[in-house]
Amino acid sequence: MASKKYRGSMIRIAESYVREFTMLHNLDRRRIFLLYSKGTAQEVLDKMKETALSMGFQECIYIQTGCVISCHSGPGAIGLAGISE
């Protein structure tokens, strides 16, 4: 969701972002997609996965963004996608 600008460390942002995204959308809890661009720290991805699993998601699938998203967002960008119930 592009309506909020997050500030602070990527670890803190990752947790808040996952929590807020999943609370705003009625998602199927079987699977969530964790998107990232090249340069994202593994600890950020791990925090996103840990948060998603703690919120009841059964599976987390990592997807690296392609060149268009990576060029627009830059290194270290993160995103989420899920399937609505």
Side-chain angles (χ1 to χ4, degrees):
M1 174 169 271
S3 64
K4 179 175 181 177
K5 185 164 188 161
Y6 291 87
R7 288 177 165 63
S9 71
M10 284 299 286
I11 287 289
R12 191 175 60 78
I13 289 168
E15 183 174 359
S16 298
Y17 182 56
V18 173
R19 289 191 183 283
E20 290 176 20
F21 181 85
T22 56
M23 289 171 37
L24 285 172
H25 304 283
N26 186 25
L27 300 176
D28 179 349
R29 297 294 171 135
R30 287 180 287 182
R31 180 175 302 114
I32 191 167
F33 301 93
L34 310 175
L35 292 83
Y36 68 97
S37 67
K38 198 169 188 171
T40 304
Q42 185 62 46
E43 63 183 358
V44 172
L45 296 173
D46 293 343
K47 187 61 159 179
M48 290 173 70
K49 181 177 181 178
E50 174 189 317
T51 304
L53 293 174
S54 75
M55 296 187 74
F57 287 93
Q58 298 170 13
E59 181 181 21
C60 298
I61 299 173
Y62 292 114
I63 299 175
Q64 186 173 355
T65 59
C67 59
V68 173
I69 298 297
S70 295
C71 287
H72 177 73
S73 301
I78 57 174
L80 295 168
I83 299 170
S84 294
E85 284 196 329

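These numbers come from a predicted model, not from an experiment. For this chain, numbers begin at 1 and follow the sequence in order.
- Closest approach of Ala14 to Met48, counting heavy atoms only: CB-CG, 3.6 Å.
- Distance check: Ile78 CD1 to Ile13 CD1 gives 7.0 Å after rounding to the nearest 0.5 Å.
- For residues 50-60, every residue pair satisfying the salt bridge (Lys or Arg N to Asp or Glu O under 4.0 Å) rule, not counting sequence neighbours, is listed here: Arg31-Glu59, Lys47-Glu50.
- Of all the heavy atoms in Gly76 and Ser37, the pair that sits closest is N-OG, 3.1 Å.
- In the hydrophobic clustering of this structure, Val18 groups with Tyr62; members are Ile, Leu, Val, Met, Phe, Trp, Tyr whose side-chain heavy atoms approach within less than 4.5 Å, directly or through other members.
- To the nearest 0.5 Å, atoms SG (Cys60) and CD1 (Ile32) are separated by 6.5 Å.
- Linking ILVMFWY side-chain heavy atoms closer than 4.5 Å, directly or via other members, places Leu80 and Ile63 in two distinct hydrophobic clusters.
- Counting heavy atoms from C-beta outward, Arg30 and Phe57 have side chains that stay 4.5 Å or more apart.
- No chain of hydrophobic side-chain contacts below 4.5 Å, direct or via other Ile, Leu, Val, Met, Phe, Trp or Tyr residues, connects Leu45 to Ile61.
- Proximity of Lys38 to Pro75: side-chain heavy atoms (C-beta onward) are nowhere separated by under 4.5 Å.
- A heavy-atom distance below 4.5 Å is found between the side chains of Val44 and Ile11.
- Considering only heavy atoms from C-beta on, Phe21 comes within 4.5 Å of Leu27 through its side chain.
- Between Ser84 and Asp28 the shortest side-chain heavy-atom distance does not fall below 4.5 Å.
- Using a 4.5 Å cut-off on side-chain heavy atoms (C-beta onward), Ser54 and Arg19 make contact.
- In this structure the side chain of Thr51 never reaches within 4.5 angstrom of the side chain of Tyr17, judged on heavy atoms.
- With rounding to the nearest 0.5 angstrom, the NE2 atom of His25 is 13.5 Å from the CD atom of Glu85.
- Both Met10 and Tyr36 are assigned to one and the same hydrophobic cluster, defined by single-linkage of ILVMFWY side chains at heavy-atom distances under 4.5 Å.
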